[in-house]
Amino acid sequence: LSEENKRLFPAASLAKLKADVAAVDSNLKTAQAISAAIGSLPVSSEIDTAGEKGEVTAVRGQYDALSDGQKTWVDAQALAKLLGVENDIARDKLLASEFEQTVAALPSDAALKKSDAAAVQAQEKNYAGLNPAQKSYVTATTTQALAGRQQTIAANEASAQAISAAIGSLPVSSEID
């Protein structure tokens, strides 16, 4: 505005206009910062450390702290990425939880039968099929339980072979005096 136009403009209106422009500028900068933070998040399949999970949580917290008006300034593609990453994390947690439940449903080491070996091997394959992000949600207790079942099966198979060999070396009944 020219100096002449500024003098014709009411001071209260000019002050409100300056405040509105400052608010728009602030909202835009805040939204750009949040959009940049979302853009810097790793792709969901690479989120497998506590630090990376913390980044997602922190960015979500920053977004949630925005007013409804400020949220409208956040880039739609950035928001879609955040939602996609969060959905992938939720799916990874669900798959890990389902895996843990199936391992927990296996018989205890003491109750394992030969027929349970296939189920234990299936869980070994299921675990191997999880990606690093999904594996990061599986507890050490679960992986230790699965390893224990594997060791028990291997020990039972070795014992069964040793017993079978010992039985095979017994004399036939006609040779027993």
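These numbers were taken from a predicted model, which means no experiment stands behind them. Numbers here simply count residues along the sequence, with the first being 1. Atom set for the values below is all heavy atoms of this structure, side chains included, hydrogens, waters and symmetry mates excluded.
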Below 4.5 Å, heavy atoms only, C-beta onward: do Asn156 and Lys114 meet side chain to side chain? no
Enter the distance from Gln134:CD to Asn126:CG here, rounded to the nearest 0.5 Å. 11.0 Å
Please name the pair of heavy atoms, one in Gln70 and one in Ala31, separated by the smallest distance, quoted to 0.1 Å. O-CB, 4.3 Å
Output for pair (Thr143 OG1, Glu100 CD), nearest 0.5 Å, gives 9.0 Å
Over all heavy atoms of both residues, which pair between Asn131 and Asp92 is shortest? Give the atoms and the distance, please. ND2-OD1, 4.4 Å
Least distance between heavy atoms, Ser136 atom then Ala133 atom: OG-O, 2.5 Å
Would Val120 and Leu106 count as a side chain to side chain contact (heavy atoms under 4.5 Å, CB included) here? Give the steps. CA-CA 7 Å; Val120 172; Leu106 292 171; 4.1 Å; yes
Between Leu83 and Arg60, does a side chain to side chain contact (heavy atoms under 4.5 Å, CB included) hold up when you go through it step by step? CA-CA 9 Å; Leu83 294 173; Arg60 169 48 79 178; 3.3 Å; yes
For Leu66 and Ile34, work out which heavy atoms get closest and say how close. CD1-CG1, 4.1 Å
If you draw a 6.0 Å radius around CD in Gln77, do more than 12 non-hydrogen atoms from other residues or ligands fall strictly inside? no
Apply side chain to side chain donor-acceptor pair (under 3.5 Å) to Thr102 and list each qualifying residue two or more places apart in sequence or on a separate chain. Gln123
Residues 117-147 vs ring pair (Phe, Tyr, Trp, His ring centres under 6.0 Å), sequence neighbours excluded, gives Phe99-Tyr127
Rounded to the nearest 0.5 Å, what separates atom CG in Leu95 from atom CD in Glu98? 5.5 Å
Cationic N near anionic O, under 4.0 Å, Asp88 to Arg91: yes
Say you draw a straight line from OG of Ser26 to CH2 of Trp73; how long is it, rounded to the nearest 0.5 Å? 10.5 Å
Test of understanding: clusters of I, L, V, M, F, W, Y form through side-chain heavy atoms closer than 4.5 Å, transitively. Do Leu130 and Ile89 belong to the same one? no
Any donor and acceptor pair, going by atom type alone, linking the side chain of Thr152 with main-chain N or O of Gly148 inside 3.5 Å? yes
Side-chain (Ser164) to main-chain (Ala160) donor-acceptor, under 3.5 angstrom: yes
So, using side chain to side chain donor-acceptor pair (under 3.5 Å) as the criterion, who are the partners of Gln150 when residues are at least two apart? Glu124
Ignoring hydrogens, what is the shortest heavy-atom contact between Pro42 and Lys81? Give both atom names and the distance. O-CE, 4.4 Å
So how far is it from Gln151 CD to Gln144 CD, rounded to the nearest 0.5 Å? 10.5 Å
Can you name the closest pair of heavy atoms from Glu52 and Ile47 and give their distance? OE1-CA, 3.4 Å
To the closest 0.5 Å, what do you measure between CG (Leu146) and OG1 (Thr141)? 12.5 Å
